[in-house]
Structure formats: C-alpha cells, structure tokens
There are 2 protein chains.
Amino acid sequence: MADVAAKERKILVAVDESEESSYALSWCIENILTGNSNDTLILLYSVPPRAVYSTLDGSGYLFSSDILATMERYSTGVAQCVMKKAKRACEALNGVKVETIVEHGDARDVICQAAEKLQVDMLVMGSHGYGVIKRAFLGSVSNHCAQNVKCPVLIVKKPKTDGRSK
Amino acid sequence: MADVAAKERKILVAVDESEESSYALSWCIENILTGNSNDTLILLYSVPPRAVYSTLDGSGYLFSSDILATMERYSTGVAQCVMKKAKRACEALNGVKVETIVEHGDARDVICQAAEKLQVDMLVMGSHGYGVIKRAFLGSVSNHCAQNVKCPVLIVKKPKTDGRSK
C-alpha cells in the first residue's frame with residue numbers, strides 16, 4: 001500500500017466564485033487528497049473572454065470599451081479573490097503542493113486544454129461549471145469536460161440542504 | 001488528518017464486462033480507496049432488461065421466448081463472471097468491505113436508483129457506461145448518471161495506448 005500512496009499525482013481543480021466550486025474543492029481535499037503528500041493540486045480559474053459579454057445584445061456592440069475594460073478589471077479582481085479563498089482551503093493539506101493558474105478564455109476550452117497540457121491524473125469540478133452568466137450561454141461546462149477530457153473527471157455537486165451534506 | 005481518513009464512506013462502482021469498466025474499478029482502487037479501511041465498496045452490475053433485446057427488430061417480436069430465456073441466462077452468467085473478476089481486483093484492499101449487487105433493469109435507472117437508495121458518497125463508472133449494445137440504443141449512461149445522481153460522480157476513461165496509461 002505504501003507504494004501506491006507514494007505515487008505522484010497531479011490533480012486539476014477548476015475553481016470559480018460559485019458555492020458549488022468551493023464545495024467541490026473542499027470535497028476533493030477531504031476525499032481525494034487525504035494522506036497523499038506526493039500530490040500536486042492545481043487550481044485553475046478561467047476569466048471569461050470579452051466575447052461572452054459582447055454576445056449579450058446579439059449585435060455585439062452593447063458595451064463600450066470602457067465598460068468592457070471595467071468588467072475585465074472586475075473579473076481579474078474576482079479571480080484573485082477566488083484564488084486566495086481556494087488557497088486558504090488548501091492550507092490544511094500536509095505537504096501537498098498547490099499551484100494556481102489563471103487563464104483567459106472560454107471555461108470549457110481552458111479546462112480541457114489545461115488538463116491535456118499539464119497531463120493531469122484527474123480533473124475535479126463542480127457540476128455546473130463556471131459562473132451563472134456563462135452557463136446560460138454555453139450550457140454545462142462540466143458536461144462538456146466530462147466528454148472531452150481524457151483523464152478521469154470527478155463532478156461534485158453541492159448537496160441541497162436536506163441533511164445529505166456529509 | 002487521522003480523523004478525515006477514518007471517515008466511513010460508501011463508494012458505488014458500476015461494473016460491466018467492458019475494459020473501460022475494469023479500468024475504472026482499478027483506478028478507483030488505486031486512487032480513491034488507498035489507505036482508508038473504513039470504506040465500503042459496492043460493486044453494482046445491471047442485467048439488461050428484455051425490452052432492450054426486443055427493440056432490436058423494431059416490432060419487438062424478433063426473438064422467441066426460448067431465445068430470450070437463453071439470453072437472460074447468458075446475462076446472468078456474464079454478471080457472475082464480471083462480479084467474480086471485480087471482487088478479485090478488490091482482494092488487495094486492506095480491510096475495505098466489498099459488497100456486490102446485481103439488479104435487472106436499464107443501467108441508467110439501476111445506477112441512479114442505487115446511488116440514491118444506498119446514500120453513497122461517490123459513484124464511480126467508466127466513461128461509456130454499460131455495454132456496447134445498450135449504448136447504441138440508450139446513449140451514454142455515464143452522461144445520464146452525471147446529470148442525475150446527487151452525489152459526486154467520477155467518470156474514468158480508459159487511456160488509449162499512447163503511453164498515458166499511468
């Protein structure tokens with residue numbers, strides 16, 4: 001058993017500002033990373049691309065460049081905040097290396113490309129993927145990733161508050 | 001960390017006769033169950049219902065009752081064989097309780113209902129789910145389960161033989 005536990009694994013966790021994502025990370029820390037100090041946990045946050053905002057009015061010209069710049073600054077701020085919170089959740093992990101990556105782009109592409117490029121052993125994500133606005137336009141990110149990523153994909157749903165929150 | 005490791009978890013693994021399923025079980029044993037002797041591993045096999053065979057000719061009368069009975073006996077034989085193989089794969093697990101369940105029915109329903117009824121902490125399955133014939137008729141079982149099961153769902157894909165079989 002010691003040999004198995006000592007195996008080095010790279011685990012990619014897609015994080016965002018949602019409670020689902022926060023729960024997925026916590027669940028992963030408690031259930032997957034326990035006791036294996038040879039793991040590397042990679043936290044990935046994707047900042048929505050301009051195109052997602054621009055499609056809001058159909059013509060692509062709803063927002064001025066000032067507003068777009070403000071939204072991008074806001075997104076970057078959110079990314080920093082999410083990463084800070086996620087890293088704090090990882091503090092209890094003994095010896096696990098934690099890396100963070102912030103990428104700009106469609107969450108579906110960002111996650112699939114990162115999983116491939118980093119040759120991770122596992123991808124963990126919340127069930128609804130990446131943010132409310134994007135979900136409405138792009139459909140389920142987790143569904144897309146489960147179908148397209150080659151490594152094992154763990155989709156974690158935040159339990160409804162019906163007592164199944166173990 | 002000791003408290004976390006001592007948590008009792010129920011892990012449901014959907015098994016079938018495919019290599020994908022066998023790989024998913026092995027991956028789960030190596031990556032999820034390692035070192036946690038308080039886990040209960042539940043192996044679930046669903047025997048296809050008659051309806052799946054009957055739909056093969058469109059009218060539902062292609063097979064005589066004798067042939068259907070033979071196919072059911074064959075399915076039961078396959079189930080026993082798969083379970084035997086799966087249990088053998090679990091022998092190396094120190095102290096993990098292993099239970100087996102064989103249910104008749106549509107794999108999608110059988111898995112979702114078992115996950116719910118047994119209040120499992122995690123569902124593990126191969127990416128293509130349950131058998132070649134059924135997949136052609138019913139679509140992706142894993143996709144359905146990932147969307148409908150409340151607990152975390154781990155979808156494991158068997159790597160292509162391109163050297164990523166770590």
Taking only residues two or more places apart in sequence or in another chain, which ones pass side chain to side chain contact (heavy atoms under 4.5 Å, CB included) with B:T40?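 Scan of B:T40 (side chain to side chain contact (heavy atoms under 4.5 Å, CB included), adjacent residues dropped) gives B:K10, B:I42, B:K97, B:E99.
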
Any residue meeting side chain to side chain contact (heavy atoms under 4.5 Å, CB included) with A:Q147, in chain and number order, not counting sequence neighbours: A:N143, B:N143

From CA spacing to verdict: side chain to side chain contact (heavy atoms under 4.5 Å, CB included), B:N31, A:M122: CA-CA 10 Å; B:N31 288 275; A:M122 185 180 194; over 6 Å; no

B:K157 side chain to A:V153 main-chain N or O, any donor-acceptor pair under 3.5 Å?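 Not at all, since once roles are kept as given, no pair shorter than 3.5 Å links the two residues.
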
Pick one of side chain, backbone, both or neither for B:V124, based on which atoms fall under 4.5 Å of a heavy atom in chain A.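 For B:V124, there is no contact with chain A at all, as no heavy atom is under 4.5 Å.
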
